[in-house]
Amino acid sequence: MDFSLNEEQRMLRDSVERFVRGSYPIELRRKSVHEQDSFNPEVWRQFAELGWLALPFAEEDGGLGGSLIETMVVLEAFGKGLVVEPYIATVVTGGGFLRRADADQKARWLAPLIEGSLQAAFAVDEYEQVHDLTQTAMHARRTPDGYLLQGSKACVLNGDRADLLIVLARTSGEPGDDHGLSLFLVDAGTAGISRKPHRTVDGQRGAEIGFEQVRLSADALLGELGQGLALARTVVQETVLALGAEAVGALAVLLHDTVEYARTRKQFGVAIGSFQALQHRMADMFMACEQTRSLLLAATLKTHEQHADAALAVHALKVQIGSGGRRVAQEAVQLHGGMGMTDELAIGHYFKRLTAIDALFGNADRHALAYARASA
Amino acid sequence: MDFSLNEEQRMLRDSVERFVRGSYPIELRRKSVHEQDSFNPEVWRQFAELGWLALPFAEEDGGLGGSLIETMVVLEAFGKGLVVEPYIATVVTGGGFLRRADADQKARWLAPLIEGSLQAAFAVDEYEQVHDLTQTAMHARRTPDGYLLQGSKACVLNGDRADLLIVLARTSGEPGDDHGLSLFLVDAGTAGISRKPHRTVDGQRGAEIGFEQVRLSADALLGELGQGLALARTVVQETVLALGAEAVGALAVLLHDTVEYARTRKQFGVAIGSFQALQHRMADMFMACEQTRSLLLAATLKTHEQHADAALAVHALKVQIGSGGRRVAQEAVQLHGGMGMTDELAIGHYFKRLTAIDALFGNADRHALAYARASA
Amino acid sequence: MDLHIPAAEHAFRDEVRSFLADNLTAEIREAGRLATSVFADAGLAMAWQKILHARGWAAPHWPEEHGGPGWSISQRAIFAEELVRAEAPPLVPMGLLMCGPCLIGCGSPEQQAHYLPRILSGEDFWCQGYSEPGAGSDLASLQTFAEIDGDDYVINGTKIWTTYAHHANRMFGLVRTSREGKAQSGITFLLLDMNTPGITVEPIVGLDEIPEQCQVFFDNVRVPRSNRVGEENQGWGVAKYLLTFERGGAEYAPMLGIQLARVKQFAACQKIAGGRSLMQDDLFSYRVARAEIDILALEFTENRIKSELGAGKSPGALSSMTKILGTELQQKVTELAVDALGAQALIWQPRAIEPGSTLPAVGPEYATTAMARYLNARATSIYGGSNEVQRGIIAKMVLGL
Amino acid sequence: MDLHIPAAEHAFRDEVRSFLADNLTAEIREAGRLATSVFADAGLAMAWQKILHARGWAAPHWPEEHGGPGWSISQRAIFAEELVRAEAPPLVPMGLLMCGPCLIGCGSPEQQAHYLPRILSGEDFWCQGYSEPGAGSDLASLQTFAEIDGDDYVINGTKIWTTYAHHANRMFGLVRTSREGKAQSGITFLLLDMNTPGITVEPIVGLDEIPEQCQVFFDNVRVPRSNRVGEENQGWGVAKYLLTFERGGAEYAPMLGIQLARVKQFAACQKIAGGRSLMQDDLFSYRVARAEIDILALEFTENRIKSELGAGKSPGALSSMTKILGTELQQKVTELAVDALGAQALIWQPRAIEPGSTLPAVGPEYATTAMARYLNARATSIYGGSNEVQRGIIAKMVLGL
């Protein structure tokens, strides 16, 4: 058992952390959010240049052949820096699907993604449901030369600017069935697609996307017809890992900043960090952060090494980032007092990001129940 | 809306509290538990003399015509004094059934109960189940002249010495069915009944009771054949209220003793009650106690006045005494340090009683789910 | 001991309901429904106050001689409950619930005659100048100084977390007039005109992107000495008096009950695995039940306090308890709302939910306010005396620690 | 970064397993299975120690030159896990885990030569004399005094919470030898023979009705000065050294995993409404899952600490974290066991569950120990440095508050 990064991974970590600290100040992020629809093209160009967009892809596909561990290293640093650009949507989730695409599909979509000229979004959630893949109602009907998509998707992250939409739709069965789901690679410019963009609470962007008689050619199908559920679950699992790494980074900053604030903020003539009640609560925050990091390690390594209980460990991680993360973030705001409630301080933005991470792909409760059922 | 006791109720409260303080010291209780099988006949004689055994029964049945409110007043004081004698098993639960019995049954069983010469026990729980009336497996078969009981009951409180067993058994249907349950008034000396007595963690006594071809005459049936579930639920509801009152009394003592201990126990040169972390936790204990008292009021008055949501309020009370009670009791032990873990201090005995109260008739979780289903 | 409601109270409830049915306009009701904080849209809240004032109902807690309706404690509770049930926006509390009662108890006859009618009518919009950057929980350490110069105080310093200072034309507040002795003993309670030269107001944008709070700067601001309430250096006592009054009446349970009912309503429309609704999910409905049980308990705790008040007793430190329980439950309820939404909770459109906004909102209506409410509710355990301070009060005042 | 287990470790695990299969007798295993505390039946624990000692495995943490097996950190962890898995009773820790390492680090060659072999063989049974009625969390305030008289110390005072003092023939402990200066600086570490005249032991009955703890009284007890460990008045340092050693190795996750698996096993036999088992109940299985997830996290936290130790670093205050997490999880797991039992949790038969008891037990076996375990587990957050003290250590040592 070995928990240390190897030389290359350490260099990668140092380089991402250097970028975040040096080239991604909070003002730049704020500008990106409020003036650039949460996407700074210059930042994305640097990601491409530094090779981070190529990281998780096989060398024969033009990638760097990095493993899950490298992705975790990048995301933890992005979590610390509260990077708002849609790395997870495009590279982790979008890229996760494209890694499993066929050669023609890769040539069409993956090459520009790695180059930095393509944005992707996973159109999965729908209204009137709490994230559950089997509840998918949107359907794709077979036509002589392809498929006809009909339905709508809610809160598609990065959906406002994505060039490529990866759409989960029903090619047979009814909502609730765990068969009959298929995945499609859809050009966002296809006729019949309409988007209502919106901001998200954590400074990112999403869209409600309508599909009205959208005609797809047969080669839009990703993987096997009717076998989309398993693939979607695999990629969601990888996405949850990435969110977990980001959360671990964000939690480290929340803990650090809160402790620093408590050491310097004076009330009643002393630093508030000298109050025992607050000390004990910060000790609890510390333990929650450490336990989260432990589960990130467990889930990443078990998935990477394909252990039988990898899926369980990923559920466990999502439970912990949701529930431990919520508690730590709420305490960080509370201990900052009024300042924690301001848009000005970074604390609140970490709070919002952790709130969003919990809500995505099923919150702590959903994953705890999934864990319970799988481990009974 | 009026939350004050009337003159008679105040006198009753004063009299029970006077008894508990003056005539029921912890040493007497200890003697009762360890030397008298948890039953001091002299104490029971005084209960009879003071009229407390007659309290909840109609005047025409030889009772004093007290309402639920009077029973709550008695039980809260008993909770403060940690009275171990089986008032709830015999008077509240046993008496609850007998109040609804026919005239002959009352003449046979209720008169000696009020007089103090009869002990009762409700034989309801069985092994391999968490309290759920509909899971009852024990059955009673009709015979030409009555019924034949077969099966066994687990942890029958006061079952070791009860003269009267009130037995819930299945006269039709299968475990899980909510019909086909009937109640029987059974002389504990009837042939075929065997008992394995045991202590209970809270200083009381119970028994595993086996029924092997036990012949009952037709008049043993309480209420209508196959209609036992509704009546059992009503009496369980009243029993839960009584347990709630006892819990409120016990919690008041735990809080009081913990605060007193914290004010006097010194460590690091100061009273431990001056440590902010402990102060905040005692404030939480205080709030939990007050919220429990509020739910006792709500549940008692709504049941007494037969409000539509009375059953909901009783579920709520059981949730609160279980979960709030557990938290307060655990904190009381923790704040007492090693002393809280000793048999010598009363703290631990209150802790055990509250633990038992939670476990009886479905714990906090069971009642929370019942509440959820009833209020959805 | 009973839960009996006298017929007169039923009649009074009917009277309030019919008034609300007739007078609470759709526009004002929308401001209540969309409010994501205890502070509704300022303009519409003031409009609503004017309507209530016309009926004599703007200040239920005030004594009759100053313009209160002369209601019993039960009547006030009924009135408050019905306002919540009708989704009326909460009135701005700084004048009606804070400054007014304080002037009634501690103000001079002249101050009462001048200010009280203008509070009732809404002509004056008050804000509260207490906290400072260095004086939050430790309010007594405040440093904004008022120096005597002739008939005036000359004020320098800054106040922070001043809710709606950018809407207000008046401020009541605490300033330091002496640095001698204990920190509490050099504080004076003043009334200010926000249009006085030297006052600058800077709104602070909150997590929910709404500028509800402000920082206020004082640069040689002259305030007539006649604007002092109580004696010089005795302002701490005035503030404490205000606090007792402010807390006594607060009731959280009715509002919480309605907010939770809304959560249940939309959770019943959310599907989970197996096609069941989220309200059929044991875990979620368990959490809802736990909140509902806590709210029921709080309702009776508040009833118990009211019945003590009715018997002329002071609720004392029990108001610290309801503040803690009420605010932490509110946080729990807003959390449940977010949890019921799944990814839709992320849709963020603060401008679209402003009353009267014509911006199109994305997603179902119930998703539009949940997140902003959740964010805003985090402040409830910070302001009004943080819950840490309240726990300290219980430990000291109730438990004697 | 990997979870790879080298082949040598697999082989070692097999070796341990086969040893346990051959040597852990049914009687001793019963003592492990019925243990409701970290202290199993003293007689059987000592019998088990003798069997391990015969194989050279009684003291995995000791250096080889003093009789340890010379194992790596991983081997020790594997050994500990396999003991737990086989339901072996825990060994009595006061000699092997506390006194022994302390003598190895701070004792004189003579003390080492005399005592260490007797610890390993089980010839000596040690108890720890630290706490006093007035010195619990604040250990440094201890008052038991040792006065010098010729070649002896003469001790007067009392110790409390002395586990198994009634079984012990030796005590190591802290006494005050000076009242000058800081409280910590007048303390001396001594070794005592429990048969010395003037020592009285009074067992304290616990909530679980088991006399595990004792109070020990000293009335002019003479102890040779040669029984001092370290210098006079330097005992605090010795005790701190012991503490570091004691904590470093503690692993909670393996034991917790097995205890929780048992809860799941019997919860699967408990029926609830609808005839489903309690493990099919979403709420109960949710609580089990939460505990299981916390245990998984703790397992990796402990792995991380081990890997730091392997790299030669000190776990430092992180051992405070595993103490808090481990004990609070243990409390949670024992709570789940009680919750799974319903009313059967009340059946109380402490005598019937003593190893070798022939008293008939009422009810199924799984119901016999759950309540005693729950009660006993409440002590785990009190002893060994209360969890309040541990949180303070994290705040100060890790967070720098």
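All chains are named by letter (A, B, ...) in the order of the sequence lines, taking the proteins before the strands, and each is independently numbered beginning at 1.
- Using a 4.5 Å cut-off between heavy atoms, D:Asp294 contacts chain A through both its backbone and its side chain.
- Counting only heavy atoms from C-beta outward, the side chains of A:Glu8 and A:Glu70 never approach each other to under 4.5 Å.
- The part of D:Ile324 that comes within reach of chain A is its side chain, from C-beta onward, which places non-hydrogen atoms under 4.5 angstrom from that chain.
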Quick one, D:Gln270 with D:Ser277, criterion side-chain hydrogen bond (donor to acceptor under 3.5 Å, both in side chains). Give me CA distance, side-chain angles, the key distance, then yes/no. CA-CA 5 Å; D:Gln270 290 285 83; D:Ser277 91; over 6 Å; no
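- For a residue to count as touching a neighbouring chain, one of its non-hydrogen atoms must lie under 4.5 Å from one of that chain's; by this rule D:Glu9 does not touch chain A.
- When heavy atoms are compared at a cutoff of 4.5 Å, A:Glu305 approaches chain D solely by way of its side chain, counted from C-beta outward.
- Both the backbone and the side chain of D:Arg304 come within less than 4.5 Å of a heavy atom of chain A.
- Contacts between A:His307 and chain D at a heavy-atom distance below 4.5 Å involve the side chain alone, from C-beta outward.
- Taking each heavy atom of A:Arg263 and A:Ala271 in turn, the nearest pair found is O-CB, 3.4 Å.
- With chain A as the partner, the residue from D:Ala395, D:Ser74, D:Ala268 showing the most heavy-atom pairs under 4.5 Å is D:Ala395.
- Proximity to chain D is limited to the side chain of A:Gln320, based on heavy atoms less than 4.5 angstrom apart.
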Test log, rule salt bridge (charged side-chain N to carboxylate O under 4.0 Å, His left out), inputs D:Lys306 and D:Glu251: CA-CA 10 Å; D:Lys306 259 187 303 193; D:Glu251 274 196 78; 3.5 Å; yes
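- The parts of D:Ile293 that come within reach of chain A are both its backbone and its side chain, each placing non-hydrogen atoms under 4.5 angstrom from that chain.
- Remark: the A:Asp2 side chain and the D:Ser307 side chain contain no N/O donor-acceptor pair separated by less than 3.5 Å.
- For D:Glu388, the parts sitting under 4.5 Å from any heavy atom of chain A are the backbone and the side chain alike.
- Residues D:Arg287 and D:Lys332 are not in side-chain contact: their nearest non-hydrogen atoms beyond the backbone lie 4.5 Å or more apart.
- Just one residue in the list A:Asp309, A:Leu312, A:Leu297 forms a side-chain contact (heavy atoms from CB on, under 4.5 Å) with A:Lys302, and that residue is A:Asp309.
- Note on D:Ala289, D:Ala297, D:Gly400: by heavy-atom pairs under 4.5 Å with chain A, the leading option is D:Ala297.
- Proximity of D:Pro254 to D:Glu302: side-chain heavy atoms (C-beta onward) are separated by under 4.5 Å at one or more points.
- Proximity to chain D is limited to the backbone of A:Ser4, based on heavy atoms less than 4.5 angstrom apart.
- Using a 4.5 Å cut-off between heavy atoms, A:Ile69 contacts chain D through its side chain alone, with no backbone atom that close.
- Within the 4.5 angstrom heavy-atom criterion, only side-chain atoms of A:Arg373, from C-beta onward, approach chain D.
- For the 3.5 Å distance criterion, the side chains of D:Gln331 and D:Ser381 qualify, holding a donor opposite an acceptor.
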